[in-house]
A.B. asks: 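Take this structure first; my questions come after.
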Amino acid sequence: MEHRPHIVVVEDEAAQRQLLLDYLGKQNYRVSGADSGVALRKILERELPTLVLLDVGLPGEDGFAVARWLRQKSGRVGIIMVTAASDMIDRVVGLESGADDYIAKPFEPRELLARVKSVLRRISDTPAARSNPQIRMGRRILDLDRRVLIDPANGSEDRLTASEFDLLKVFAENPNRPLNRDWLLEVTAHREVDAFDRAIDLRITRLRRKVEVDPAHPDAIRTVRGVGYMFVPPKA
Ligand code: CA
């Protein structure tokens, strides 16, 4: 069984692709190359990679479209967009496609490696949730052991339904990652069969009323257009 992270480099320029494959291969990652979204789809028929390095400027379907498709396939796979300066991309556009991060060409291999490592860390462990059973969310604190929301202002506690808790726990374990709506539904819908309760957007609205400082302008559980939602921990 192969335990090394599997990184797929999607880049249409052969020399550039080979350079990245050689570099990442030397860092002891398992690597595969793809020259298009079509080639990436072929790889996914066999296995889901750990991380995909995705060039924005691809012939045919561009990197953003491929990223959106990939994020729908998996909420877990890491996605780093590789952009050319001429792409005029900003971080928001990249994140709206469901990417975890982006890097602009030209870049130093070491910078790329730092970003790859950082995304892999976020994927492989969820340090916040495992080491600390209390997670700050907006104006409340989620206690993962006791399954309550604590109001630090007065110490009062709110009990959570199983469905509310499941969803908040997934957010707590995946901070700063855009999470696909369908994936959220899939990983949290196993307990309750109530169709009304399964509607993810309604559940989010209810949770926002509980955790946001201003539910009309959510800051902790943000909407990521075209993807789903992202939990943003408060700045320390
Ligand atoms: Ca390209």
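Note that these values count all heavy atoms, side chains included, but never hydrogens, waters or copies made by symmetry. Atoms within a ligand are numbered from 1 in the order they appear, just like the ligands themselves. Sequence positions, counted from 1, serve as the residue numbers for this chain.
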A.B. asks: Shared ILVMFWY cluster between Tyr23 and Leu21, side chains joined below 4.5 angstrom?
C.D. replies: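 Linked within one cluster.
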A.B. asks: Run the salt-bridge test on Asp12 and Arg17 with the 4.0 Å N-O cut-off and return the result as yes or no.
C.D. replies: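 The answer is no: the pair does not qualify as a salt bridge.
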A.B. asks: Would you check if the Ca ion (ligand 1) lies under 3.0 Å from any N, O or S atom of Gly57?
C.D. replies: yes
A.B. asks: Say whether Thr223 and Arg208, considering side chains only, have a donor N or O and an acceptor N or O under 3.5 Å apart.
C.D. replies: yes
A.B. asks: Ion pair present between Asp100 and Arg71, side-chain N to carboxylate O less than 4.0 angstrom?
C.D. replies: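 Judged by the 4.0 Å cut-off on N to carboxylate O distance, Asp100 and Arg71 do form a salt bridge.
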A.B. asks: Hey, which N, O or S atom on Asp55 ends up closest to the Ca ion (ligand 1)?
C.D. replies: OD2
A.B. asks: Kindly give the atom name of the N, O or S atom of Asp12 closest to the Ca ion (ligand 1).
C.D. replies: OD1
